[in-house]
Amino acid sequence: MQLNLTKGDIEILISSIISYELSNKNKTYFPLLFDLHKEGDLTKPPFGCDSLSLISLATAVDEYFGVSHSGLEDNFIRYPNFKSWVQIVYDSQKHYSEGITFSTSGTTGKPTKVFHNMDGLEKEASYLAKLLDGSKSISAFVRPHHIYGFLYTIALPKYLDVQITFHEPIPSESFFKIPSDSLLVATPTLYDIVIKKDKTFNPNICAVSSTEPLSIHTKDDLKAKGIKKVVEFYGSSQSLGVGYKFDDQEHFRLFEYLDKTSVTHIQDQLQWVNQEEFSVCSRLDKQVKHRGYLVDLDQYKQKLESLDAIKECDLVLSKGKLVAFITPKSKKDAIKGIAQVLQNQPDSIVWTN
């Protein structure tokens with residue numbers, strides 16, 4: 001099976017890039033599933049891009065899809081609206097569709113671009129479909145343009161031949177409303193937050209996780225809330241997927257089409273149990289360096305939750321960015337209070353209910 005991008009795939013991928021870039025620029029969450037007005041003029045609300053931010057967005061979309069290989073990249077500025085950009089990329093794919101250029105997370109240094117050809121992406125998606133066969137649909141709470149999102153929400157549905165439903169990649173009660181027999185795609189950060197809610201999942205759901213280690217505590221809590229099976233995957237933007245483990249396994253199992261010597265571009269130290277199994281040797285530290293400050297995430301969280309205008313807060317250092325998930329009593333008062341008590345502000349704030 002050949003992995004070809006449909007116009008629908010391109011729409012959600014460009015939406016994800018826009019959401020990510022504008023969230024970083026404005027330091028507040030810009031929706032993935034945003035509302036379009038007429039053609040989706042990117043210079044008008046809800047986007048409001050000036051000339052510089054428009055060029056930045058166009059560059060991000062161009063680099064991701066390789067539009068410059070087709071010579072159509074100048075059309076992004078000539079036609080600055082969402083529907084035109086989708087058509088530009090769609091037309092470009094007719095001339096060049098060899099692969100996708102992803103960005104690394106930047107957790108071990110400056111984010112870099114990594115190109116993966118469609119053959120490698122197809123191989124992994126085909127293998128994942130065998131491992132995850134049986135789900136009747138996929139519900140995703142991840143950004144589809146990131147490598148994890150692309151593999152599990154763009155490529156995998158084609159091989160499983162199931163419908164994909166995208167949700168905002170934020171913690172919400174939508175997790176508990178996904179249909180039975182679904183494959184749930186999310187990150188450890190989101191799982192850690194949603195398991196605190198007094199809700200249970202619908203029956204026969206398989207949850208997959210990647211990007212960071214998933215704790216035993218989180219796995220047990222997910223199963224206690226009704227998740228049938230938890231599958232954790234390990235890999236990187238540079239290497240693609242490397243291994244997996246089910247909730248009852250201690251070690252990761254190497255993907256069958258790989259061998260020990262082919263595992264490269266891994267930042268973590270791997271401890272090999274045998275030729276097919278390994279453990280990841282990495283250390284999590286609640287003290288993180290952010291903008292030159294040494295930040296204790298527990299103390300940072302306590303400062304935020306000490307404000308009368310904030311009900312609760314969760315923090316994550318994701319892709320080098322400090323993100324605060326805040327449930328406010330008063331959003332206006334919360335913003336004012338945060339500015340008063342924190343010298344080192346979060347890179348972005350996601351307001352939750």
For Ser15 against Phe82, the heavy-atom pair lying closest together:
OG-CZ, 3.3 Å

Taken in chain and number order and not counting sequence neighbours, the residues that satisfy side-chain contact (heavy atoms from CB on, under 4.5 Å) with Lys199 are Glu173, Phe176, Lys197

Members sharing Val114's hydrophobic cluster, built from side-chain contacts under 4.5 Å between Ile, Leu, Val, Met, Phe, Trp and Tyr, are none

List for me each residue that meets salt bridge (charged side-chain N to carboxylate O under 4.0 Å, His left out) alongside Lys123, sequence neighbours excluded, and say none if there are none.
none

Can you name the residues that form a side-chain contact (heavy atoms from CB on, under 4.5 Å) with Lys329, not counting sequence neighbours?
Lys311

Scan side-chain atoms only and decide if Thr189 and Asp192 contain a donor-acceptor pair under the 3.5 Å cut-off.
no

Suppose we screen for side-chain contact (heavy atoms from CB on, under 4.5 Å). Which residues come up paired with Ser97, at least two apart in sequence or across chains?
Gln93

Thr28-Asn26 side chain donor-acceptor pair, cut-off 3.5 Å
no

If you look at every heavy atom in Leu156 and Ala125, which pair is closest and at what distance?
CD1-O, 3.9 Å

Could you tell me which residues satisfy side chain to side chain donor-acceptor pair (under 3.5 Å) with Lys301, sequence neighbours excluded, listed by chain and number?
Glu305

Taking all atoms of both residues into account, what is the closest heavy-atom pair of Ile100 and Met118, and its distance?
CG1-CE, 4.0 Å

Can a salt bridge be assigned to the pair Glu256 and Lys130 using a cut-off of 4.0 Å between side-chain N and carboxylate O?
no

Taking the side chain as C-beta and beyond, is there a heavy-atom pair between Tyr300 and Pro346 under 4.5 Å?
yes

Heavy atoms only: give me the nearest Val86-Ile10 pair and the separation to one decimal.
O-CG2, 3.9 Å

Nearest atoms (heavy-atom pairs only) where Thr327 meets Thr352:
OG1-OG1, 2.7 Å

Between Asp9 and Thr6, is there a donor-acceptor pair closer than 3.5 Å when you use the side chain of the first and the backbone of the second?
yes

For Trp351, all residues meeting ring-ring contact (aromatic ring centres under 6.0 Å, His included), sequence neighbours excluded:
none

For Tyr90, which residues count as a ring-ring contact (aromatic ring centres under 6.0 Å, His included) partner, sequence neighbours excluded?
none

For Glu63, what residues pass the side-chain contact (heavy atoms from CB on, under 4.5 Å) criterion, not counting sequence neighbours?
Thr59, Lys113

Looking at Ser70, is its backbone amide N or carbonyl O close enough to the side chain of Ser92 to form a donor-acceptor pair, meaning the two atoms are under 3.5 Å apart?
no

State whether a side-chain donor-acceptor pair under 3.5 Å links Asp91 with Gln87.
yes

Residues pairing under ring-ring contact (aromatic ring centres under 6.0 Å, His included) where one sits in residues 206-232, two or more places apart or in two chains, turn out to be none

Closer than 3.5 angstrom, by distance alone: can the side chain of Glu168 be matched with the main-chain N or O of Leu33 as a donor-acceptor pair?
yes

Please confirm whether the backbone N or O of Ala58 pairs with a side-chain atom of Asp62, one donor and one acceptor, at under 3.5 Å?
no

Among residues at least two apart in sequence or on other chains, which ones pass salt bridge (charged side-chain N to carboxylate O under 4.0 Å, His left out) with Lys196?
Asp314

Shortest non-hydrogen contact from Leu13 toward Pro144:
CD2-O, 3.4 Å

Through direct or indirect side-chain contacts below 4.5 angstrom among Ile, Leu, Val, Met, Phe, Trp and Tyr, which residues connect to Tyr96?
Phe115

